[in-house]
Peer 1: 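So that we are looking at the same thing, I have put the structure below in structure tokens.
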Amino acid sequence: MLRSGIGLAATCWLIWSYPVRESAASLVAERLSDTFATAGVLLVAGPLVVMGFIASSRPPVRTVYWRRLGGPIGGVASLFASALTLWLLLKDDGGIRLTQMLGPLQFVGLIAVLAAVLFATVFGLTAVVLSVHYVFRTGDIHQVLPPALSSLLAWLTLLLQTSDEAAVAAPAGVQLLFLYGAPLSITLLSGWELQRLHARFGVTVRRALGR
């Protein structure tokens, strides 16, 4: 949380100090798009890392990890549920056509559809942010997975961002600092978290695999 606060303050300073190449609305939309892209990368890379982790572990811990998959699966399911709800209600005016089937209760149905769209939108956005923040609850499987996945996610996201033009006309050194600052700080924090797990609780990746 402290790292996120520092990053937000630094971003605000960057926007305040240098000319912005796009409107504020476009900048917010781009950051929101980056969050969705991060969640998408995690949806692809996360299961591969988790399956590799479980497959590499030895019995009997492997059986325990299989039983703990409910948390991460629930996190993914919440995203798909909100996206599916919005798709069904908004695609080709599906919600409007649904209310028309209610006859004299169309007004009640319209209110229900609008409430469902609003709830699914807020729920979906919240689920995306929390899924990225808590790495899709992979800590439910084992404590070493969130820091490992966080580092991987940070560097994969960097690869996506390198193809985008910088939103702020800052010097090259400042842009490089902000571009690589996020993955480097996340990697350092992840390494510190793994070190604390080892020092305080004797938890290591090797022991987590039952080796």
Side-chain angles (χ1 to χ4, degrees), residues 1-15 18 21-22 27-57 65 69 71-73 75-76 79-80 125-199 203-209:
M1 294 299 294
L2 179 61
R3 178 208 160 275
S4 298
I6 293 174
L8 180 61
T11 301
C12 292
W13 170 83
L14 182 68
I15 296 173
Y18 298 100
R21 291 176 174 150
E22 50 191 300
L27 193 60
V28 172
E30 185 178 335
R31 296 287 80 80
L32 187 61
S33 176
D34 288 342
T35 303
F36 277 98
T38 302
V41 170
L42 189 55
L43 275 173
V44 175
L48 295 177
V49 174
V50 170
M51 291 300 104
F53 174 81
I54 295 177
S56 301
S57 62
Y65 296 155
L69 281 174
I73 290 174
V76 174
L79 282 180
F80 280 104
L125 291 174
T126 304
V128 168
V129 174
L130 291 179
S131 294
V132 172
H133 185 75
Y134 292 106
V135 201
F136 281 106
R137 293 180 58 184
T138 50
D140 289 9
I141 301 174
H142 198 277
Q143 300 96 319
V144 300
L145 282 174
L149 271 172
S150 296
S151 300
L152 175 63
L153 177 64
W155 290 104
L156 289 177
T157 304
L158 174 66
L159 294 178
L160 296 177
Q161 292 176 341
T162 51
S163 60
D164 297 335
E165 183 182 4
V168 178
V174 175
Q175 292 184 12
L176 287 175
L177 177 63
F178 273 79
L179 186 63
Y180 287 95
L184 283 174
S185 60
I186 289 174
T187 302
L188 288 174
L189 281 174
S190 297
W192 178 60
E193 183 176 352
L194 289 172
Q195 190 276 331
R196 279 168 57 89
L197 285 172
H198 173 57
V203 175
T204 64
V205 175
R206 184 179 180 85
R207 291 181 181 178
L209 295 175

Peer 1: Indicate yes or no: at least one non-hydrogen side-chain atom of Leu194 is less than 4.5 angstrom from one of Thr204.
Peer 2: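 Contact flag for Leu194/Thr204 side chains = no.
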Peer 1: Is there side-chain contact between Pro183 and Thr157, with heavy atoms separated by less than 4.5 Å?
Peer 2: no
Peer 1: Flag the pair Thr138 / Val50 as yes when at least one side-chain heavy-atom distance between them is below 4.5 Å, and no otherwise.
Peer 2: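 Yes. Closest side-chain heavy atoms under 4.5 Å.
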Peer 1: Can you tell me if Tyr134 has over 12 outside heavy atoms packed within less than 6.0 Å of its OH?
Peer 2: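 Counting other residues, nucleotides and ligands, OH of Tyr134 stays at 12 neighbours or fewer.
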Peer 1: To the nearest 0.5 Å, how far apart are CG in Leu184 and CG in Leu189?
Peer 2: 11.0 Å
Peer 1: Please evaluate residues Ile141 and Leu69 with respect to the criterion side-chain contact (heavy atoms from CB on, under 4.5 Å), reporting the C-alpha separation (whole Å), side-chain torsions for both, the decisive distance (0.1 Å), and the verdict.
Peer 2: CA-CA 6 Å; Ile141 301 174; Leu69 281 174; 3.5 Å; yes
Peer 1: What are the two closest non-hydrogen atoms of Val135 and Pro146, and how far apart are they?
Peer 2: CG2-O, 4.1 Å
Peer 1: Minimum heavy-atom separation for Ala127 to Leu79, with atom names?
Peer 2: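 That closest heavy-atom pairing would be CB-CD2, 3.6 Å.
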Peer 1: Heavy atoms only: give me the nearest Gly46-Leu149 pair and the separation to one decimal.
Peer 2: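 Scanning both residues, the minimum pair turns out to be CA-CD2, 3.9 Å.
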Peer 1: I want to check something: taking the side chain as every heavy atom from C-beta on, are Phe136 and Leu130 in contact at a cut-off of under 4.5 Å?
Peer 2: no
Peer 1: Of the non-hydrogen atoms in Ser150 and Ile186, which two are nearest, and what is the gap between them?
Peer 2: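 It is O-CG2, 3.6 Å.
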Peer 1: Just verifying a value: how many Å separate Glu193 CD and Ser151 OG, rounded to the nearest 0.5 Å?
Peer 2: 9.0 Å
Peer 1: Can you establish whether the number of heavy atoms outside Trp192 located under 6.0 Å from its atom CH2 is more than 12?
Peer 2: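 Count not over threshold, so no.
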Peer 1: How many angstroms lie between atom CG of Leu145 and atom CG of Leu152, to the nearest 0.5 angstrom?
Peer 2: 11.5 Å
Peer 1: So Leu177 and Val174, do their side chains get closer than 4.5 Å, heavy atoms only?
Peer 2: no
Peer 1: Of all residues at least two apart in sequence or in a different chain, which pass the ring pair (Phe, Tyr, Trp, His ring centres under 6.0 Å) check with Tyr65?
Peer 2: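 Counting only residues at least two positions away or on another chain, Tyr65 forms a ring pair (Phe, Tyr, Trp, His ring centres under 6.0 Å) with Phe53, His142.
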Peer 1: So, taking the atom named CH2 in Trp155 and the one named OG1 in Thr187, what distance separates them when rounded to the nearest 0.5 Å?
Peer 2: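 Going from the CH2 atom of Trp155 to the OG1 atom of Thr187 covers 5.5 Å.
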Peer 1: Can you check whether Pro147's main-chain N or O pairs, donor with acceptor, with Ser190's side chain at less than 3.5 Å?
Peer 2: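 Yes; at least one donor-acceptor contact below 3.5 Å.
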